[in-house]
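Worksheet: the structure to be examined is printed underneath.
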Number of protein chains: 2
Amino acid sequence: MVKRALPHGRASRRPTSAEVAALAGVSRTTVSLVLNDRGGELGISAETRARVADAAARLSYQPSHAARSLRRWRTNVIALLLYTLDSFYNAEIIGAAHAAALERGYSLNIMSAKFDEVQRRAYSLLSGGVADGVIVAAPPADFAADLKKLAENGMPIVVMQHHSPDPALQAVRVDLERGGYVATRHLIDLGHRRIAHIGSASQRLLKRRERSDGYLQALQDAGIAADPRLIAMAEPSLAGGFSAMQELLAQDERPSAVFVYSDQMAVGALHALRKHGVRVPEEMAVVGFDGIALGGFVTPELTTVDYSRADIGRLAVEAVISRLEGEAEPLREQVLPVRLLVRESCGGVRTVSDGEGA
Amino acid sequence: MVKRALPHGRASRRPTSAEVAALAGVSRTTVSLVLNDRGGELGISAETRARVADAAARLSYQPSHAARSLRRWRTNVIALLLYTLDSFYNAEIIGAAHAAALERGYSLNIMSAKFDEVQRRAYSLLSGGVADGVIVAAPPADFAADLKKLAENGMPIVVMQHHSPDPALQAVRVDLERGGYVATRHLIDLGHRRIAHIGSASQRLLKRRERSDGYLQALQDAGIAADPRLIAMAEPSLAGGFSAMQELLAQDERPSAVFVYSDQMAVGALHALRKHGVRVPEEMAVVGFDGIALGGFVTPELTTVDYSRADIGRLAVEAVISRLEGEAEPLREQVLPVRLLVRESCGGVRTVSDGEGA
DNA sequence: ATTGTTATCTAACACGATTTAGAAGAAGGC
DNA sequence: GCCTTCTTCTAAATCGTGTTAGATAACAAT
């Protein structure tokens with residue numbers, strides 16, 4: 001055999017199935033059958049199977065991902081598109097998604113989709129077939145249109161946490177409206193009437209404002225008129241929560257309670273309250289959203305709307321895979337429940353909801 | 001042309017370069033040359049180029065990632081292996097890395113490498129050629145051995161933040177020893193003698209304990225004997241910092257200051273101090289590490305050792321790409337500086353170091 | 001001896017792109 | 001008219017794998 005010079009841009013030579021075949025003294029077909037565990041049914045003798053497996057191990061052969069997915073039309077990769085990687089809850093979602101994917105023989109490719117340019121790149125990668133399916137958190141309208149195109153080409157796409165922006169996309173979402181409702185209702189039950197809301201400016205891009213809708217509904221059901229001056233929007237970050245709270249505190253007639261879009265913003269808001277000498281919960285009750293670990297490590301400990309991040313990750317992965325393997329009729333939407341986690345910052349009884357406090 | 005049934009596991013049909021060629025009335029070769037911007041030099045007329053580009057756009061043609069990387073020996077993907085996705089600073093690293101990669105025409109594939117099984121999977125993916133290069137945060141010894149094999153096969157591998165565990169791997173690291181030294185030295189200069197240290201249990205797996213070494217060196221230089229009872233190790237999390245601090249507070253003779261492995265642990269430690277009624281900084285000075293945003297939103301605001309997360313991400317990506325494109329002799333190691341960011345929790349003067357306080 | 005059956009393995013094609021080597025035609029110089 | 005040169009394009013090989021259709025040999029049944 002002539003040893004050619006290394007072609008083109010290749011730095012080194014990985015072994016191919018042909019080399020394994022040569023070492024084992026069989027054909028490439030046999031190597032492929034054995035290594036894909038189809039040797040038994042297709043009548044490759046146990047002795048040959050062992051010889052092939054041994055040869056592959058000796059060369060530490062690893063099939064080429066590119067060649068395999070070109071031939072198989074399957075990458076066994078699921079893309080996970082996230083907008084922020086700076087939230088504590090993402091780690092739980094990703095961990096559970098990883099475990100679920102691994103169990104079924106898939107890998108996760110996490111992509112950031114924070115900026116427009118990265119979204120365009122993600123779209124071109126995905127339509128180039130870099131993954132078999134996609135899980136995505138709330139996509140803005142223009143990106144959702146791209147994703148819809150992919151879905152129409154047969155790629156399973158699951159929207160995570162939020163409502164699906166389009167019927168072509170499946171959803172594994174959280175009952176955010178109910179979360180907003182329960183949080184606000186809790187504050188009402190504690191006697192508050194002037195209840196403010198800090199929302200996320202990013203919601204402007206989406207059609208629905210799920211948490212805010214729950215807030216407004218709870219006020220309406222209690223016969224309290226919503227006051228637009230009590231609603232502040234800001235970036236969903238620590239700094240955003242901080243500045244939104246400062247805005248609320250600048251008002252003549254301050255609210256006595258506030259429902260905040262996320263725990264992260266709520267931590268920023270708490271810092272603003274301390275800076276202004278406002279005692280929590282005595283002068284201002286605070287309820288956040290998400291149930292992140294950090295909420296238990298601030299003073300006062302943060303009351304929040306909790307839900308299972310792990311279930312989101314796991315169910316989203318399973319939804320993609322069951323579509324890919326055509327196991328069952330896919331569910332168009334799965335809705336996960338929320339629960340109010342009462343700690344210190346709201347001034348209520350310290351429990352884990354489901355209970356019916358005074 | 002006969003329309004075949006869709007082969008095998010394929011859900012739908014994406015257009016191929018052959019279809020673009022047919023629509024434009026040219027050969028596949030021409031399509032390839034035009035779409036890869038080699039049409040000019042290789043004498044494809046402007047008129048033909050326009051026709052091909054138009055046909056590709058009309059079909060919204062996207063080259064198959066698998067076929068292209070099979071042929072080119074290049075995926076234009078850089079893998080980014082992270083151990084924790086729950087740290088606030090990761091977002092900055094990833095954001096900067098993304099921007100740098102995009103600018104050079106590469107994409108980032110973020111993989112979690114938190115669990116052994118995921119590490120094995122990551123290794124098999126990488127040796128299957130799923131990416132052209134790898135950026136990884138402190139790999140434990142067994143995984144580092146795998147990475148070394150990849151490096152010896154010619155794959156560029158860059159270790160991020162920490163010392164490289166092996167000379168075969170490049171490093172873009174932070175001067176963690178100096179950070180530990182500066183932080184501890186600051187506490188000494190403020191008059192503290194009993195200075196505790198909360199470290200990360202994960203360091204046990206690594207050869208070096210960089211921050212801790214700086215702490216010990218500073219004590220030694222000041223003629224203070226290190227007291228093993230003043231060193232507590234725990235998981236690098238909020239809860240870990242909380243429990244480590246509780247351990248330190250249980251001692252007969254409490255320290256008057258503590259240098260903590262990370263800001264995240266420090267926030268947990270601050271919560272423990274408040275629970276025990278220990279005033280910060282009056283009764284206990286605290287210095288963290290990393291400079292995450294959260295440190296500015298806790299009470300008291302956290303003094304910390306800061307460094308540029310963005311530079312780490314950017315330089316790591318550039319190191320991988322310059323190896324891939326063979327531009328220059330690669331640097332075996334790049335060391336980024338740290339700076340002490342003095343806020344409230346240490347009781348020192350509020351500045352941004354570089355200054356020489358009293 | 002022929003035919004059929006079973007067990008085991010292989011030759012050759014296909015996947016979709018890039019690239020090498022060279023073809024076809026026009027233009028120009030003699 | 002013949003040779004060279006340039007411009008513009010293409011046929012065919014190639015990357016490493018998976019898969020289809022069929023080869024070969026051994027053995028049994030008739």
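Throughout, protein chains are lettered first and strands after them, A, B, ... in sequence-line order, and every chain is numbered starting at 1.
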_Any donor-acceptor N/O pair under 3.5 Å between D:dT14 base and B:Arg71 side chain_ = yes

*Strictly by modelled atom types, are A:Arg72 and A:Asn36 linked by a side-chain donor-acceptor pair under 3.5 Å?*
yes

*asked:* Between C1' on D:dT19 and CD1 on A:Ile44, what's the gap in Å once rounded to a whole number?
replied: 13 Å

*Rounded off to whole Å, could you give me the CZ-to-P distance for the B:Arg49 and D:dC9 pair?*
10 Å

*OP1 or OP2 of D:dG16 sitting under 4.0 Å from any side-chain N/O of A:Thr16?*
no

*For the side chain of A:Asn109 and the backbone of B:Asn109, is there at least one donor-acceptor N/O pair under 3.5 Å apart?*
no

*Round to the nearest Å and state the distance from B:Trp73 atom CH2 to D:dT14 atom C1'.*
11 Å

*Show your working on salt bridge (charged side-chain N to carboxylate O under 4.0 Å, His left out) between A:Glu117 and A:Arg121 and close with a plain yes or no.*
CA-CA 6 Å; A:Glu117 208 174 335; A:Arg121 172 62 67 93; over 6 Å; no

*With a non-hydrogen cut-off below 4.0 angstrom, is B:Ser45 in contact with a base, only sugar-phosphate, or nothing?*
sugar-phosphate

*Nearest-angstrom distance from the residue atom CZ of B:Arg72 to C1' of C:dT20*: 16 Å

_salt bridge (charged side-chain N to carboxylate O under 4.0 Å, His left out) evaluation trace for B:Arg51 with B:Asp54_ = CA-CA 5 Å; B:Arg51 218 167 57 236; B:Asp54 180 59; over 6 Å; no

*Near B:Glu103 CD, under 6.0 Å, is it more than 12 heavy atoms from other residues, nucleotides or ligands?*
no

*Salt bridge between B:Arg104 and B:Glu318, side-chain N to carboxylate O under 4.0 Å?*
no

*With distance as the sole test, does A:Arg173 use its side chain to make a donor-acceptor pair with the main-chain N or O of A:Val159 at under 3.5 Å?*
no

*For atom NE2 of A:His65 and atom C1' of D:dG18, their distance in whole Å*: 15 Å

*Under 4.0 Å: is that the gap between some side-chain N or O of B:Tyr61 and OP1 or OP2 of C:dA17?*
yes

*Any residue of residues 24-31 of chain B with a heavy atom less than 4.0 Å from an atom of DNA chain C*: B:Arg28, B:Thr29

*When we call it a touch if two heavy atoms are under 4.0 Å apart, what does A:Thr48 touch: a base, just sugar-phosphate, or nothing?*
sugar-phosphate

*Side-chain contact, heavy-atom cut-off 4.5 Å: A:Ile321 with A:Tyr106?*
yes

Nucleotide N/O to protein N/O under 3.5 Å, stretch nucleotides 24-28 of chain C:
none

*Closer than 4.0 Å, any side-chain N/O of A:Ser17 to the OP1 or OP2 of D:dT17?*
yes

_If I take atom CG in residue B:Asp37 and atom C1' in nucleotide C:dT18, what distance separates them, rounded to the nearest angstrom?_
15 Å

*If a stem is a run of at least 3 consecutive Watson-Crick or G-U pairs, both distances under 3.5 Å, which stems include DNA chain D?*
C:1-30 with D:1-30

_Less than 4.5 Å apart, side chain to side chain, heavy atoms only: is that true for B:Val134 and B:Leu81?_
yes

*Let me know the distance between CG of B:Leu33 and C1' of C:dA17, rounded to the nearest Å.*
12 Å

_Which heavy atom of A:Gly105 sits nearest to which heavy atom of A:Asn76, and what is that distance?_
O-ND2, 3.0 Å

*Can B:Ser32 and B:Thr29 be counted as having a side-chain donor-acceptor contact under 3.5 angstrom?*
no

*Can you check whether A:Arg38 has a side-chain N or O nearer than 4.0 Å to OP1 or OP2 of D:dT19?*
yes

*asked:* Output the rounded distance in Å from CD (B:Gln62) to C1' (C:dG16).
replied: 14 Å

*Would you say the side chain of B:Gln334 lies within less than 4.5 Å of the side chain of B:Gln170, judging by non-hydrogen atoms?*
no

*With DNA chain D as reference, determine whether B:Leu70 or B:Ala46 sits nearer its 5' end, using the nearest nucleotide of each.*
B:Ala46

